[in-house]
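Okay, so here's the structure we're looking at.
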Amino acid sequence: MNDKGMSEIVKGISRIVFPFILLYGLSLILYGHITPGGGFSGGVVITGGFVLLLLAFGKGYVFRILPVNIAKALDSAGALGFLAIALLGFLSSSFFYNLLPKGYIFHLWSAGTIILSNIMIGLKIASGLFVAIAVLSMARLIHTKEGIKYKQSRTTEEEDQ
Amino acid sequence: MTLNLPLLVVLMLLMTGGCVISITARSLTSSVVSMGTAGLILSILFLLLGAPDIAIVQVFVEIVALIVLLSTIRRETRADMSSSGLYGVLTLIIFALFLFVFMLHGSEIVRPFGQPVIKMGAEYIKASPVLLKAPNTVTATVLDFRGYDTLGEATVIFTAIAGVIVLLRIKGRKDE
Amino acid sequence: MIVYIIVALMFFTGLYGIIAKKNIIKIIVGINIVGYASNLLFILLGYKWGGIAPIITEDMTAVYFIEKAVDPLPQALVLTSIVIDLAFVAFLAALAIRLFERYGTFDMDKIRRLKG
């Protein structure tokens with residue numbers, strides 16, 4: 001995970017493949033209650049797409065698309081949103097009560113609150129795992145006179161200062 | 001593709017071989033890569049055992065875990081020459097005997113492979129398409145029938161990621 | 001019964017890595033392998049011969065689906081467990097990086113010797 005990224009061939013291929021990975025993840029999240037998939041699968045797939053960008057283009061490019069602070073906020077928003085959907089059940093009877101209209105089977109807008117929960121869980125998993133991997137990739141050990149020292153670099157610009 | 005017992009046993013033996021290599025290998029890189037092999041065979045097994053949701057998750061989780069571990073061992077170039085001492089082997093034997101007694105007890109109550117008694121799951125299978133109008137029973141179970149589990153899981157992941165951020169921070173250290 | 005014995009073998013392989021190995025990366029790999037074995041055991045316990053995935057499609061009658069579908073409950077439990085495993089591996093990798101910074105090695109014996 002160096003800052004320059006990989007060769008031009010890898011960059012070109014990942015530039016083509018990345019939108020399709022993102023699309024596959026979104027489709028897994030949105031159609032999670034009809035076909036195999038769901039919030040967990042979609043979130044992990046979207047994280048995989050961002051890890052591909054991190055490996056191919058380096059840290060600076062990815063943190064310009066999705067800054068770590070915004071990803072942290074999205075992580076908390078996903079968790080709180082899932083809790084809010086659970087608390088919504090109190091309007092009718094109890095915690096986690098599915099009170100939205102169920103609709104028709106095999107339609108996209110069916111199954112009540114499941115689709116909203118899927119979106120929130122997907123947001124939480126994708127941004128949370130991205131934050132973990134971004135923090136791990138920012139950690140670097142440098143050799144100094146006293147031995148090995150730990151250094152955390154936010155972006156490439158801060159590293160030069 | 002239908003599943004039969006020889007295919008299942010061969011795939012599981014291959015996976016066990018990957019696990020053994022990844023524990024005994026000298027080089028850390030080959031150890032981590034054979035762990036990845038075992039995980040990918042595991043995802044094929046999940047697909048054959050009727051769990052496509054988990055197969056998708058397993059493939060991507062395996063790749064991301066492999067990248068995390070490879071970027072961690074990049075710092076250490078020396079091979080793992082540590083031998084397992086007598087103490088470790090003795091502890092393992094005692095532990096294994098203890099677990100083996102438990103497994104003998106468990107083998108009396110477990111059903112033969114392929115003929116389970118589905119009690120709670122049968123209710124979910126019946127209720128999910130009718131009550132919830134959700135064709136995917138697994139998603140319905142995770143997010144509706146057993147929502148508390150998922151809430152606890154979200155909390156665990158939040159805590160683990162907060163732990164990663166706190167462990168790798170640079171500000172606020174006063175002991176330098 | 002043989003499948004359960006192979007799963008137990010896999011579990012003990014991971015346990016050997018956790019208990020007897022001295023390298024931190026080997027210990028993380030052992031924890032991962034124990035996780036694989038327990039996840040696989042859950043799915044094996046819910047499988048029935050000739051079973052299909054518990055997802056109903058439009059050309060399927062309800063009676064056929066209820067008769068053929070495998071148990072969805074272990075799958076739901078394993079789904080959360082796998083993602084937790086990934087977050088746990090990231091946490092352990094952060095710990096290993098911190099230890100390497102302090103002692104310059106992944107070997108537990110050397111770390112123990114350098115402590116005093």
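Proteins come first, then strands; the chains are lettered A, B, ... in the order of their sequence lines, and each starts at number 1.
Within the 4.5 angstrom heavy-atom criterion, no atom of B:I63 approaches chain A. At a 4.5 Å heavy-atom cutoff, A:A86 makes no contact with chain B through either its backbone or its side chain. Contact of B:V64 with chain A is made through the side chain alone, with heavy-atom distances under 4.5 Å. Proximity to chain A is absent for every atom of B:V138, based on heavy atoms less than 4.5 angstrom apart. Both the backbone and the side chain of B:T150 come within contact range of chain A, with heavy atoms under 4.5 Å apart. Only the side chain of A:Y24 has a heavy atom closer than 4.5 Å to any heavy atom of chain B. The contact between B:E153 and chain A is made entirely by side chain atoms (from C-beta outward), counting heavy-atom distances below 4.5 Å.
Counting all heavy atoms, side chain and backbone alike, A:S76 lies closest to B:F158 at OG-CE1, 4.0 Å. When every heavy atom of A:K124 is checked against every heavy atom of B:A154, the shortest pair comes out as CE-O, 3.3 Å.
Within a 6.0 Å radius of OH in B:Y148, more than 12 heavy atoms belonging to other residues, nucleotides or ligands are found. Within a 6.0 Å radius of CD1 in A:I13, other residues, nucleotides and ligands contribute 12 heavy atoms or fewer. Around the OH atom of A:Y31, the shell of radius 6.0 Å holds no more than 12 heavy atoms that belong to other residues, nucleotides or ligands. The number of heavy-atom neighbours closer than 6.0 Å to CD1 of A:I9, taken from other residues, nucleotides and ligands shown, is 12 or below.
No donor-acceptor pair under 3.5 Å is formed between the side chain of B:N136 and the backbone N or O of A:I34. Between the side chain of B:T139 and the backbone N or O of A:G32, at least one donor-acceptor pair lies under 3.5 Å.
Distance CG/A:L129 to CZ/B:F60: 13.0 Å, rounded to 0.5 Å. Annotation: the span from A:L55 atom CG to B:S71 atom OG amounts to 8.5 Å, rounded to 0.5 Å. Considering CD1 of B:I67 and CG of A:L54, their distance stands at 8.5 Å, rounded to 0.5 Å.
Ranked by heavy-atom pairs shorter than 4.5 Å toward chain A, the options B:T137, B:V57, B:T155, B:D53 are led by B:D53. Taking chain A as the reference chain and counting heavy-atom pairs below 4.5 Å, the highest number among B:A140, B:A51, B:P135 is found for B:P135. Comparing B:I157, B:D144, B:L143 by heavy-atom pairs within less than 4.5 Å of chain A, the highest count is held by B:L143. Among A:I85, A:I121, A:N118, the residue with the largest count of heavy-atom pairs under 4.5 Å with chain B is A:N118. If you tally non-hydrogen atom pairs under 4.5 Å between each of A:G37, A:A79, A:G39, A:G48 and chain B, the highest count goes to A:G37.
For the pair A:K72/B:I165, a side-chain contact is recorded, criterion being any heavy-atom separation below 4.5 Å from C-beta on.
Partner of A:S41 under the side chain to side chain contact (heavy atoms under 4.5 Å, CB included) criterion, chosen from B:I56, B:V59, B:I54: B:I56.
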